[in-house]
**Student:** 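Quick one: this structure, given as C-alpha cells, is what I'll be asking you about.
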Amino acid sequence: MEPIRSIKGTQDLLPQSSYRWQFAENKIKAISETYGYREIRTPVFESTQLFKRGIGELTDVVSKEMYTFDDRGGTSLTLRPEMTASVMRAWIQNNLGQEGGVQKMYYIGSMFRAENVQKGRLRQFHQWGIELVGSPAPVADAEVIMLMIRTLESFGLKSLKLKINSVGDENCRPVYKEILKDYLRPHFDQLCKTCQGRFETNPMRILDCKNETCKTLIHQAPVITDHLNDECKTHFESVKNLLTAAGIGFEIDPFLVRGLDYYTKTAFEVVSDDLGSQNAVGGGGRYDLLVEQLGGKPTPSVGFAIGIERLLIILEERKLLEDVKPKAPVLFVAAFAQPHIEAMIPIVQQLRGLGIQTEIELLGRSIKAQMREADRLGAQFVVVVGDNEMAQKSVSLKNMKTGDQQQLSFDQLVEFLSGSHE
RNA sequence: GUGGGCAUAGCUCAAUUGGUUAGAGCGCCAGAUUGUGGCUCUGGAGGCUGUGGGUUCAAUCCCCAUUGCUCACCCCA
C-alpha cells in the first residue's frame with residue numbers, strides 16, 4: 001500500500017526539534033507580555049468576505065493565494081492568510097473599543113497561503129504578530145517597532161536591517177499616485193507586463209518591482225516621502241525621532257510598499273541575508289482605515305507580523321540555537337526484571353509528583369543497554385535495582401557525570417533527588 | 001502558473017568512458033565487560049539505486065515519461 005504523505009508546503013514538527021519552537025515561542029510570549037500585550041486567538045478559518053474586504057481584492061494574497069472553499073451550507077470560507085483582519089473582526093464583534101484606552105494584543109498561529117513552495121515559504125506557516133489598536137500617536141508606531149527589534153535582539157540577532165517608509169494617508173496618497181503616474185506615463189511601454197497592469201490599479205506597487213528596466217525607471221521617480229501632507233510628514237518625523245531615541249538603527253526606503261492594501265503612514269520591514277530570496281523576516285505598519293473597512297468606527301492602529309519559520313532559519317544559520325536543548329531526565333531507573341520494576345513504581349510516582357523528570361526502562365533490555373539509554377537521554381542520575389538492592393531495601397544511585405555510585409534507602413533517594421535536581 | 005537542480009542504507013554522501021557481489025562515515029543492535037553509560041576494538045542488521053518504460057550482451061550511470069523534493073521568478077512571513 002502506498003503510504004500517505006503530508007500535503008506539499010506543510011511540515012511535521014517532530015519531537016526531535018519541537019523544543020526549538022518552544023524556546024522561540026516562550027521567549028516571544030514573555031517579551032510580548034513584558035510590553036503589556038495579551039494573547040488573542042481567533043478561528044483559523046473565516047468568511048472569505050473578511051479577507052477580501054480587509055486585505056483588498058486586488059492584492060496577490062487575496063487574488064491568487066487563498067485557500068477558499070464552500071462549506072456544506074454553501075458559505076464561502078477561507079483559511080486565514082494572515083491575522084490582522086481576523087483580530088480586527090474580533091475587536092469589532094466583541095466591542096473591545098468600549099473598554100477604553102488602547103488594546104494591545106499578540107498572537108502566534110498558523111497561516112495559509114496557496115503558493116509555490118521555496119526556502120522560507122510554506123503553504124502552512126506560522127506568524128507571531130502584534131496589534132496595537134486605538135492610538136494614532138507616533139509613539140504607538142515606535143512602540144511596536146521597539147518590541148519587534150528588541151525581541152529579535154534577545155535571540156542574539158544583531159545585524160538585521162530595519163527599513164521604514166511612510167506610504168501616506170487617504171489624502172496625500174492619491175495625490176502622490178497621480179504624480180507617480182505622470183512620471184511613468186511616458187515610459188509606459190518600457191514597464192514589464194505586470195507593472196503595466198499595476199499602472200492603473202496600484203501604481204505604488206511598481207516601486208518595489210524587481211524587473212531591471214522597471215528598477216532603473218523607478219530610480220529617478222518622485223518619492224512619496226517628498227509628497228506627504230503635513231500630518232503624515234510630522235508623524236513620520238516623530239516616528240524616526242522616537243526610534244533614534246530608542247537607539248534603534250533604521251534605513252529609510254521610499255520604495256518600500258507592502259503588499260497589503262490596508263497600510264497607511266508608517267510601513268516597515270526587517271530583512272536578512274540568511275533567508276535566500278524570501279528575505280523578509282517580518283513587517284508591518286499602521287492601518288488607520290482597516291476598522292472602518294470592516295464596518296467598525298474609525299480606529300487608528302498599528303502592528304506587525306514575524307514569520308516564525310524564517311526566524312528559526314536565521315537563528316539556525318547564525319548558530320544561535322546551539323545551546324538550546326530539550327529537557328533531560330534527572331533520573332533514569334534501570335531494573336533487571338519485572339519484580340524490580342514493580343518495587344520502583346511507587347518511588348517513580350512520588351518523584352514525578354514532585355516535578356522531578358524520571359524515566360523508567362520500558363523495554364526490559366540488558367542493564368548495559370539501559371545505561372546506554374540513560375546516557376543518550378542525558379540523565380543526571382541512574383538508579384540500578386536488582387536482587388542485591390532488593391535484599392537491602394535500597395537502590396544504587398549513580399551520578400552519570402562523575403561516575404560515583406552510592407547505596408541509598410528509598411527515602412534517602414527521594415530526599416537526595418528533591419534537593420539536588422536543577 | 002513558469003523555469004532550473006536533485007532523487008542510492010534511518011541520516012549525510014561515494015561508486016572509473018555503462019561491466020561481475022552497489023560502498024563509506026554517522027546512527028542502530030550485539031559482543032569484548034555473564035550487575036553499569038561515554039572512549040576503544042570486533043562483529044551484525046539494514047538497499048527492488050523514487051516509479052514505469054526504452055536503448056544495450058550488460059544500466060545506479062544513457063534516453064523518454066511520471067511522482068516527489070528542492071531552489072528560483074511573481075508576491076509575501
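By convention in this document, chain letters (A, B, ...) are assigned in the order of the sequence lines, proteins followed by strands, and residues within each chain are numbered from 1.
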**Student:** Tell me: CZ of A:Phe381 to C1' of B:U36, nearest whole Å?
**Tutor:** 16 Å
**Student:** Please confirm whether A:Phe381 and A:Phe416 have ring centers closer than 6.0 angstrom.
**Tutor:** yes
**Student:** With no hydrogens and no angle check, is any side-chain donor or acceptor of A:Gln124 less than 3.5 Å from a backbone partner on A:Gly9?
**Tutor:** no
**Student:** Which of residues 118-130 of chain A have a heavy atom under 4.0 Å from RNA chain B?
**Tutor:** A:Gln118, A:Lys119, A:Gly120, A:Arg121, A:Leu122, A:Phe125, A:Gln127
**Student:** Identify, with sequence neighbours excluded, every residue that meets side-chain hydrogen bond (donor to acceptor under 3.5 Å, both in side chains) alongside A:Thr266.
**Tutor:** A:Asp141
**Student:** Is the backbone of A:Cys172 close enough, under 3.5 Å, to the side chain of A:Asp169 for a donor and an acceptor to pair up by distance?
**Tutor:** yes
**Student:** Among B:C74, B:A77, B:U70, find the nucleotide with the atom closest to the side chain of A:Arg258.
**Tutor:** B:A77
**Student:** With distance as the sole criterion, do the side chain of A:Lys64 and the base of B:G1 form a donor-acceptor contact below 3.5 Å?
**Tutor:** no
**Student:** Measure NZ/A:Lys161 against C1'/B:A77 and give the value in whole Å, please.
**Tutor:** 18 Å
**Student:** Expressed in angstrom and rounded to an integer, what is the separation of A:Leu191 atom CG from B:C74 atom P?
**Tutor:** 15 Å
**Student:** For the pair A:Tyr35 (side chain) and A:Val144 (backbone), establish whether a donor and an acceptor sit closer than 3.5 Å, ignoring hydrogens and angles.
**Tutor:** no
**Student:** For RNA chain B, what string of dots and brackets results from 5' to 3' when Watson-Crick and G-U pairs need both distances under 3.5 Å, crossing pairs get [ ], and pairs with another strand get |?
**Tutor:** (((((((..((((.....[...)))).(((((.......))))).....(((((..]....))))))))))))....
**Student:** Closest to the A:Ala280 side chain: B:C74, B:A77, B:G35?
**Tutor:** B:A77
**Student:** When all nucleic acid strands are considered with a 4.0 Å heavy-atom cut-off, which category describes A:Glu269: base, sugar-phosphate, or nothing?
**Tutor:** nothing
**Student:** Near A:Lys161 NZ, under 6.0 Å, is it more than 12 heavy atoms from other residues, nucleotides or ligands?
**Tutor:** no
**Student:** Of all residues at least two apart in sequence or in a different chain, which pass the ring pair (Phe, Tyr, Trp, His ring centres under 6.0 Å) check with A:Tyr263?
**Tutor:** none
**Student:** Expressed in whole Å, how much space separates the P atoms belonging to B:A77 and B:C69?
**Tutor:** 24 Å
**Student:** State whether A:Glu65 and A:Arg121 are salt-bridged, where the test is any N-O pair (Lys NZ or Arg NE/NH1/NH2 against Asp/Glu carboxylate O) under 4.0 Å.
**Tutor:** no
**Student:** Using atom types as modelled and distance alone, determine if a side-chain donor or acceptor of A:Asp71 lies under 3.5 Å from a backbone N or O of A:Ser76.
**Tutor:** no
**Student:** Show every ring pair (Phe, Tyr, Trp, His ring centres under 6.0 Å) that has at least one partner inside residues 124-170 of chain A, sequence neighbours left out.
**Tutor:** A:Trp21-A:His126, A:Phe23-A:Phe155, A:Trp128-A:Phe304
**Student:** How close or far is atom P of B:C75 from atom CG of A:Asn279, stated in whole angstroms?
**Tutor:** 12 Å
**Student:** Distance between the P atoms of B:A15 and B:A72, in whole angstroms?
**Tutor:** 27 Å
**Student:** Can A:Arg185 and A:Asp182 be counted as an ion pair, charged N to O under 4.0 angstrom?
**Tutor:** yes
**Student:** Please give the distance between the P atoms of B:C61 and B:U55 as a whole number of Å.
**Tutor:** 15 Å
**Student:** Between A:Gly9 and A:Asp387, which has a closest nucleotide on RNA chain B that is more 5'?
**Tutor:** A:Asp387
**Student:** What integer number of Å spans the P atoms of B:A14 and B:G3?
**Tutor:** 28 Å
**Student:** Give a yes or no on this: more than 12 heavy atoms of other residues, nucleotides or ligands lie within 6.0 Å of atom CG of A:Leu14.
**Tutor:** yes
**Student:** Whole angstroms only, please: what is the CD-C1' distance between A:Gln11 and B:U70?
**Tutor:** 12 Å
**Student:** Taking only heavy atoms on the protein side, list every residue of residues 334-349 of chain A lying under 4.0 Å from any atom of RNA chain B, sorted numerically.
**Tutor:** A:Phe336
**Student:** May I have the distance from A:Glu115 (atom CD) to B:C74 (atom P), rounded to whole angstrom?
**Tutor:** 13 Å
**Student:** Can you name the salt bridge (Lys or Arg N to Asp or Glu O under 4.0 Å) partners of A:Arg205, sequence neighbours left out?
**Tutor:** none
**Student:** Scan residues 360-376 of chain A against RNA chain B and write down, sorted by residue number, each residue with any heavy atom closer than 4.0 Å; if none is found, say none.
**Tutor:** A:Ile367, A:Lys368, A:Met371, A:Arg372, A:Asp375, A:Arg376
**Student:** Can you run down the salt bridge (charged side-chain N to carboxylate O under 4.0 Å, His left out) pairs that involve residues 81-94 of chain A, sequence neighbours left out, and say none if there aren't any?
**Tutor:** A:Glu46-A:Arg89
**Student:** For the pair made of CE in A:Met400 and P in B:C39, what is the distance, rounded to whole Å?
**Tutor:** 12 Å
**Student:** Restricting to pairs with a member in residues 312-338 of chain A, which pass ring pair (Phe, Tyr, Trp, His ring centres under 6.0 Å), not counting sequence neighbours?
**Tutor:** none
**Student:** Do any pairs count as a salt bridge (charged side-chain N to carboxylate O under 4.0 Å, His left out) and have a residue in residues 149-160 of chain A, sequence neighbours left out, and if so which ones?
**Tutor:** none
**Student:** What are the residues of residues 307-328 of chain A, sorted by number, that bring a heavy atom to within less than 4.0 Å of RNA chain B?
**Tutor:** A:Gly307, A:Arg310
**Student:** To the nearest Å, give me how far apart CD (A:Gln405) and P (B:G37) are.
**Tutor:** 11 Å
**Student:** With a 6.0 Å cut-off (strictly less than), is the heavy-atom count around CZ of A:Arg352, excluding the residue itself, greater than 12?
**Tutor:** yes
**Student:** Pick the C1' atom in B:G47 and in B:A9, then give their distance to the nearest Å.
**Tutor:** 6 Å
